[in-house]
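Below is one structure; the comments refer to it alone.
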Amino acid sequence: SSDPRVLTSGDAIRGLYDAFNRRNASLAASFLAEDCIYEDLLLGPNTICRGKSAFASALEFHPAFVTSALFSQLPFASYLPELTLVVDSVAEGFDTVGVEWHVEVGSSVFPLGRGLTQA
């Protein structure tokens, strides 16, 4: 059959976080519905995005994406630790998913870098 695989909400959110960690904005957006609304509460009201393409565009200006792009140009870039979002737990409902996550820099947990996401 040529039907695309239907992901559970947990699979989709894990895919989104994996794409984020690979700094692939368009792949991250592909896990969202066309009519999604995204708001990053840490970055403020300017990050309210409506739709996949607005989300992908906003990610290109996310601090993790910007610093990765800048640091990748440095001759010693391979020695710098990567910032990653680590999914600690996922709670799935019928039409929603909740994620508990934390930030790591290299192999160290980033202080005060914990969060919850509802999608």
Side-chain angles (χ1 to χ4, degrees):
S1 163
S2 63
D3 292 336
R5 183 174 159 238
V6 176
L7 298 176
T8 67
S9 55
D11 289 340
I13 203 74
R14 285 181 188 93
L16 186 147
Y17 277 82
D18 182 59
F20 179 96
N21 288 332
R22 291 193 272 154
R23 306 301 184 258
N24 187 328
S26 60
L27 181 59
S30 75
F31 290 97
L32 300 174
E34 286 295 335
D35 62 349
C36 72
I37 299 174
Y38 169 81
E39 179 178 6
D40 191 319
L41 297 176
L42 294 175
L43 299 179
N46 291 332
T47 60
I48 297 175
C49 304
R50 298 183 189 286
K52 283 182 173 186
S53 64
F55 173 77
S57 295
L59 280 186
E60 295 297 339
F61 295 99
H62 189 283
F65 280 67
V66 172
T67 56
S68 289
L70 290 172
F71 290 168
S72 70
Q73 303 302 312
L74 299 173
F76 50 87
S78 62
Y79 297 105
L80 297 173
E82 289 190 32
L83 180 142
T84 55
L85 294 177
V86 178
V87 173
D88 296 314
S89 63
V90 175
E92 295 180 69
F94 174 71
D95 62 354
T96 190
V97 62
V99 182
E100 180 182 10
W101 51 266
H102 72 274
V103 177
E104 290 185 0
V105 178
S107 60
S108 300
V109 174
F110 188 75
L112 302 176
R114 300 191 65 75
L116 299 170
T117 300
Q118 179 185 357

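In this text, all values refer to a predicted model and were calculated from it rather than measured experimentally.
In this structure, Leu116 CG and Trp101 CH2 are separated by 8.5 Å, a value rounded to the nearest 0.5 Å. Rounding to the nearest 0.5 Å gives a distance of 8.0 Å between CG of Asn21 and CG of Leu83.
For Phe61, there are no side chain to side chain contact (heavy atoms under 4.5 Å, CB included) partners two or more places apart in sequence or in a different chain. In terms of the side chain to side chain donor-acceptor pair (under 3.5 Å) criterion, Ser30 has no residue partners (sequence neighbours excluded). Legend: residues meeting side chain to side chain contact (heavy atoms under 4.5 Å, CB included) with Phe76, ordered by chain and number and at least two apart, are Leu74, Tyr79, Leu80. Every side chain to side chain contact (heavy atoms under 4.5 Å, CB included) that Leu7 has, sequence neighbours left out, goes to Arg5, Asp11, Ala12, Phe31. Residues passing the side chain to side chain contact (heavy atoms under 4.5 Å, CB included) test with Val87, sequence neighbours excluded: Tyr17, Val90, Val99. By the side chain to side chain donor-acceptor pair (under 3.5 Å) test, Arg23 pairs with Ser68, sequence neighbours left out.
For residues 62-72, the set of pairs meeting the salt bridge (Lys or Arg N to Asp or Glu O under 4.0 Å) definition, not counting sequence neighbours, is empty. Sequence neighbours left out, the pairs with a member in residues 40-56 that pass salt bridge (Lys or Arg N to Asp or Glu O under 4.0 Å) are Glu34-Lys52. Sorted by first and then second residue, the salt bridge (Lys or Arg N to Asp or Glu O under 4.0 Å) pairs with a member in residues 88-110 read Asp88-Arg114, Glu100-Arg114; sequence neighbours excluded.
The minimum heavy-atom distance linking Ser9 with Gly93 is given by the pair OG-O, 4.2 Å. Ala25 and Ala56 get closest at one heavy-atom pair: CB-O, 3.5 Å. Closest non-hydrogen pair, Cys49 versus Ala54, comes out as SG-O, 3.7 Å. Val105 approaches Pro81 most closely through the heavy-atom pair CG1-CG, 3.7 Å.
A salt bridge links Asp18 with Arg22; the closest basic N to acidic carboxylate O contact falls under 4.0 Å.
The environment of Glu60 atom CD is dense: over 12 non-hydrogen atoms of other residues, nucleotides or ligands sit within 6.0 angstrom. For CG of Leu112, the number of neighbouring non-hydrogen atoms (other residues, nucleotides, ligands) closer than 6.0 Å is 12 at most. For Tyr38, the OH atom is densely surrounded, since the number of other residues' heavy atoms within 6.0 Å is greater than 12.
Residues Ile37 make up the rest of the hydrophobic cluster containing Ile48, defined by ILVMFWY side-chain heavy atoms closer than 4.5 Å, directly or through other members.
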* Could you check Val103 against Val86 for side chain to side chain contact (heavy atoms under 4.5 Å, CB included), going step by step and ending with a plain yes or no? => CA-CA 6 Å; Val103 177; Val86 178; over 6 Å; no
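Hydrophobic clustering (side-chain heavy atoms under 4.5 Å, transitive across Ile, Leu, Val, Met, Phe, Trp, Tyr) keeps Phe71 apart from Leu59.
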